[in-house]
Amino acid sequence: MKKLFVAASLLIASLSLAAVAGEMLSTSAADAEVYIISPVDGQIVPQTFTVKFGLTGMGVAPAGTQKDNTGHHHILIDGETLPDMSKPLPATDHIKHFGGGQTETELTLSPGKHTLQLLLGNYAHIPHDQPVLSQKITIAVE
Ligand SMILES: [Cu+2]
């Protein structure tokens, strides 16, 4: 009897955990598109340059603000593989968050080739289902 109770409690605990995780996920608008306005693919840029973010079909909201059809920008710098789309995005040298709702940033990169890609995250920094991901561009830093 006691064993059954423990099993039932564990089941309830794991179900509520799943519910919490599920609540943190957001759905993207079907026509949502994120893109880099500038620089353009193949552009030669100085070491410090501005990146402008474009988004259509959805809106920008700061991190922590839960509102349907919104998210905040993340830039993937030299990201060779895509991050786990089911978890909050980490903050690393390769993933920068714009949780204030910024729509552009200034980057300083080392000379040579670099790739840039934008990924929208929801209020909890989790990519939407489906992820709203830009084309990856390659730039040459002088
Ligand atoms: Cu974020």
Side-chain angles (χ1 to χ4, degrees), residues 3-142:
K3 252 187 193 163
L4 188 68
F5 175 75
V6 170
S9 315
L10 279 175
L11 183 67
I12 290 164
S14 57
L15 283 176
S16 48
L17 270 179
V20 167
E23 274 166 21
M24 285 170 69
L25 301 177
S26 303
T27 309
S28 56
D31 60 348
E33 230 180 301
V34 68
Y35 52 96
I36 299 172
I37 298 168
S38 67
V40 296
D41 190 38
Q43 191 172 328
I44 299 167
V45 297
Q47 263 197 279
T48 299
F49 60 99
T50 301
V51 184
K52 291 193 171 144
F53 315 151
L55 176 66
T56 57
M58 286 179 72
V60 173
T65 301
Q66 187 175 6
K67 200 174 156 210
D68 282 352
N69 286 317
T70 67
H72 64 275
H73 290 284
H74 301 83
I75 193 162
L76 312 179
I77 304 168
D78 298 329
E80 281 171 18
T81 55
L82 287 173
D84 186 338
M85 297 290 184
S86 66
K87 293 195 175 79
L89 295 165
T92 68
D93 286 350
H94 296 285
I95 304 175
K96 295 204 182 297
H97 293 244
F98 299 95
Q102 302 94 316
T103 55
E104 64 173 63
T105 191
E106 198 165 81
L107 288 182
T108 300
L109 296 177
S110 60
K113 281 196 173 172
H114 294 278
T115 64
L116 302 175
Q117 192 169 22
L118 289 174
L119 174 59
L120 207 65
N122 73 358
Y123 70 100
H125 312 277
I126 304 172
H128 296 76
D129 179 25
Q130 294 281 317
V132 184
L133 181 71
S134 79
Q135 300 275 355
K136 189 192 269 191
I137 66 162
T138 301
I139 52 162
V141 175
E142 281 180 330

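Starting from 1, each residue takes its place in the sequence as its number. Atoms within a ligand are numbered from 1 in the order they appear, just like the ligands themselves.
Residues Met58 and Ala32 share a closest heavy-atom pair of SD-CB, 3.4 Å. Heavy-atom minimum distance, Pro39 versus Leu116: CG-CD1, 4.4 Å. For His74 against His125, the heavy-atom pair with the smallest separation is NE2-ND1, 4.0 Å. Among all heavy-atom pairs drawn from Ala124 and Pro88, the shortest one is O-CB, 3.6 Å.
Here the protein contributes His72 NE2, His74 NE2, His97 ND1, His125 ND1 as N, O or S atoms under 2.8 Å from the Cu ion (ligand 1).
Contacts of His73 classified as ring pair (Phe, Tyr, Trp, His ring centres under 6.0 Å), with partners at least two apart in sequence or in another chain: Phe53.
Inter-residue side-chain proximity for Phe49 and Gln43 is flagged as unmet; no heavy-atom pair is nearer than 4.5 Å.
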